[in-house]
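Please read the structure below before turning to the comments.
Every chain is numbered from 1, with letters handed out A, B, ... down the list of sequences.
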Amino acid sequence: MLIDTLTAFVATLASPLGIALALGGVLLGIVLGALPGVSSTMALAILLPLSFGMQAELAILFLLSVFVASVYGGSISAILINIPGTPGAIVTQLDGYPMAQAGQAKLALSHALLASSLGGLVGLALLMVVAPWMAAMAMQFRSPEFTAVAVFGLVLLAYASPGSTVRGLLVGALGVICGMVGFDLMTDMPRFTFGSRVLQGGVELVPLCIGLFGLAEVMKHIGPASRPATRPVAASLDAASGALRSFVSYWKSALRGSTIGALIGAIPAAGSAIAVAIAYAQERRLSRHPERFGKGAGEGVVAPEAANSSSIGGTLIPMMTLGVPGDAITAVLMGSLLMHGMRPGPMLFAENPEFVASIYAGFAIALLLTLLLGFLLMRWMTWILRIPTHLLLVGIALLCVIGAFSIRNSLADVYIMLFFGVLGYLLYLMSLPAAPLAFGLILGPLLEENLRRSLILGRGTWDVFLNSPIAMLLLAMSLMAIALPLLLPLLTRIRQREC
Amino acid sequence: MATRHLGHEAWRDIACGLLFSVLAGVVGYSVLRDTALTATLGRGPDPGPAFLPLIVIGLVGLGGAVILLKGVVNWARSGWLGPPGMAMPGDHLHALLLISSIALLPVLTDWLGFLAASVLFAAPWLAWLGYRRGGGLRRALGHAACFALLIGALLHLVFVMLLNVPL
């Protein structure tokens, strides 16, 4: 059944238009991912509006192509100029750059590309195996369980955000409030509209993401872009002979990295940065020559790149099965699905199995094209890094405005996007994480709707939660996640006093 | 040195605390002022549309107050050090100018059409940034004119002509 659906969708997506969109997405993803300062999240947020007019299957193919390619793109600047293009490539530079310095830049890029492709395949396999099973399990969930899932997701996403958990949670709570703007779903009463007709329609996820991850980033970088350019010189690209043979010798590292990345990526909020750090540490621990790490060890490039790419499949699991975004990138991707009338969650598997299959097929096509285009473009990689930053920033700022406008052809969305751009910049100035705001907007309505339904079911009492072991487990874990960062320093202080 | 660090942290906490407290105050006031919303509280098994907002706002307000208090305590411990000088004021000025120019863009688009407005938005920014990056004034102006036209035309082609966005 799944094979038939997949075959049908490969045929649809492999149409000339589908291939052209995927190629365009891969090209844009590699270029934007390679540019320092443009993260995968930002790349996806600013390119999201291009997908509005597309058929849902083609839109997801285009966006997955950008996503997959930008993850590989991040390693290019990490290897060639020692600046990671994306946070997930932060570990790749430790051994990639020394390899490039030693005249093996092309070999390091080839290793990164091959590892990225293999990792992506492992992530896809995990997604295809685990997602239907998890969705079937989530089908048994009722309102109390979904309330607990929303609370757990919010807490976990705030926990994994940089900085303090409590501040992350407070930003998430602001996101929950943003999700309540407009008419209440159950009573049709307006809330937080401040008498404005614009706010009656609520806050859409897409202008929030464009403002928070696009415009706020441009605001951060526009000042530094006005200072004299001091971009490091990229390492020259040598001829890489025997790259494949050399990569094959690292097959164990690639498989280990892929497995770690896929499993960690599947934990909501864990994200690729944690996956690559663990994959690198594990590889170093298992190596017979740990002293080579940090000086140009091939395994030091292969394992984290495989983990980085395989975490994509992992992060898609909670998004597709529970409607909980795995990280900021999947939150943006979720915005696109909602724009196309697809609500991620267990019902997606029951109501739109064809669309789920098109995600698998789109992912596979994106991986294949990234591999092909990555090898074809390898000799021009240093050119990408020469694109002047200021040119890019001005273009992105314009793209943010047009993108926000094109959601509903309304100026209101442009001003909402501007508001969140400014808020994102303020959060950055106060060292507060911005991503929980998006998570709150997604999970807030899920939380409120299910909490109220649960209380109606329980006739106004909270016993419904006590009667559900899954809900109790998730709520207890959420409480632990909040309490742990507060209690740990206290326990350490008590222990130090005892000593 | 440690006292100065404590003072900086304290000012950041005060700013954070104020942000959360003010937002909670504004949103809380909007709920409590709305009698139709508050009247739904405690009626029947559905806790009503004001229930969760009040809980969330209460938590944000409480969190904001605690952070604000922590900031004030640390400020006192630092010997009431004055606010730190703003790091990179030029960067914030650029960010502010960017937001202001973007806010003007819809007005310009209404008046001149999207293509001209986008060129008018992009050219001064490209010229200024290009000049500041050390390209020389004449070169920066030339590049700015060319690239502003190119960016405007490309966006017009993609969004207006291909995607039919009524800009």
Hey, is the main chain of Leu47(A) close enough, under 3.5 Å, to the side chain of Ser51(A) for a donor-acceptor pair?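 Checking the backbone N and O of Leu47(A) against the side chain of Ser51(A), no donor-acceptor pair under 3.5 Å is found.
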Just by distance, do the side chain of His390(A) and the backbone of Arg133(B) share a donor-acceptor pair under 3.5 Å?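 No, the answer is negative, given that no donor and acceptor are paired below the 3.5 Å cut-off.
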With chain B as the partner, which of [options] has the greatest number of non-hydrogen pairs under 4.5 Å?
options: Arg167(A), Met54(A), Met189(A); value: Arg167(A)
options: Leu170(A), Val394(A), Thr187(A); value: Leu170(A)
options: Arg453(A), Met186(A), Met180(A), Arg459(A); value: Met180(A)
options: Leu426(A), Leu451(A), Val422(A), Leu174(A); value: Leu174(A)

Go through the atoms of [X] and report whether side chain, backbone, both or neither lie under 4.5 Å from a heavy atom of chain B.
X: Tyr425(A); result: side chain
X: Leu411(A); result: side chain
X: Leu457(A); result: neither
X: Ser406(A); result: both
X: Val401(A); result: side chain
X: Met430(A); result: both

Using non-hydrogen atoms and a 4.5 Å limit, figure out which bit of [X] sits close to chain A: side chain, backbone, both or neither.
X: Ile67(B); answer: side chain
X: Leu37(B); answer: both
X: Leu126(B); answer: both
X: Val66(B); answer: neither
X: Asp46(B); answer: both
X: Thr40(B); answer: side chain
X: Ala148(B); answer: neither
X: Leu19(B); answer: side chain
X: Tyr131(B); answer: neither

How long is the gap from CG on Leu212(A) to CD on Glu217(A), to the nearest 0.5 Å?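 If we round to the nearest 0.5 Å, Leu212(A):CG and Glu217(A):CD are 9.0 Å apart.
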Approximate separation, where rounding is to 0.5 Å, of Leu32(B) CG and Leu54(B) CG: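 Going from the CG atom of Leu32(B) to the CG atom of Leu54(B) covers 5.5 Å.
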How close do Leu393(A) and His221(A) get, heavy atom to heavy atom, and via which atoms?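 Shortest heavy-atom contact: CD1-O, 3.5 Å.
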Scan side-chain atoms only and decide if Trp125(B) and His94(B) contain a donor-acceptor pair under the 3.5 Å cut-off.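 The criterion, which ignores hydrogens and geometry beyond distance, is not satisfied for His94(B) and Trp125(B).
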Does Val26(B) have any side-chain contact (heavy atoms from CB on, under 4.5 Å) partners at least two apart in sequence or in another chain, and if so, which?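 By the side-chain contact (heavy atoms from CB on, under 4.5 Å) rule, Val26(B) matches Phe194(A), Val22(B).
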Against chain A, work out which of [options] has the most heavy-atom pairs shorter than 4.5 Å and name it.
options: Asp13(B), Leu97(B), Leu59(B); answer: Asp13(B)
options: Pro53(B), Ala50(B), Ala103(B), Ala24(B); answer: Pro53(B)
options: Pro49(B), Ala95(B), Gly48(B); answer: Pro49(B)

Pairwise side-chain contact, Val206(A) with Phe52(A), heavy-atom cut-off 4.5 Å (strictly under):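 Sidechains of Phe52(A) and Val206(A): in contact.
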State, with a plain yes or no, whether a side-chain heavy atom of Met219(A) is found less than 4.5 Å away from one of Ile99(B).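 Yes - at least one pair of side-chain heavy atoms lies under 4.5 Å apart.
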Check the pair Lys70(B), Glu9(B) against salt bridge (Lys or Arg N to Asp or Glu O under 4.0 Å), reporting the backbone distance first and the verdict last. CA-CA 10 Å; Lys70(B) 185 186 163 205; Glu9(B) 287 258 306; 5.4 Å; no
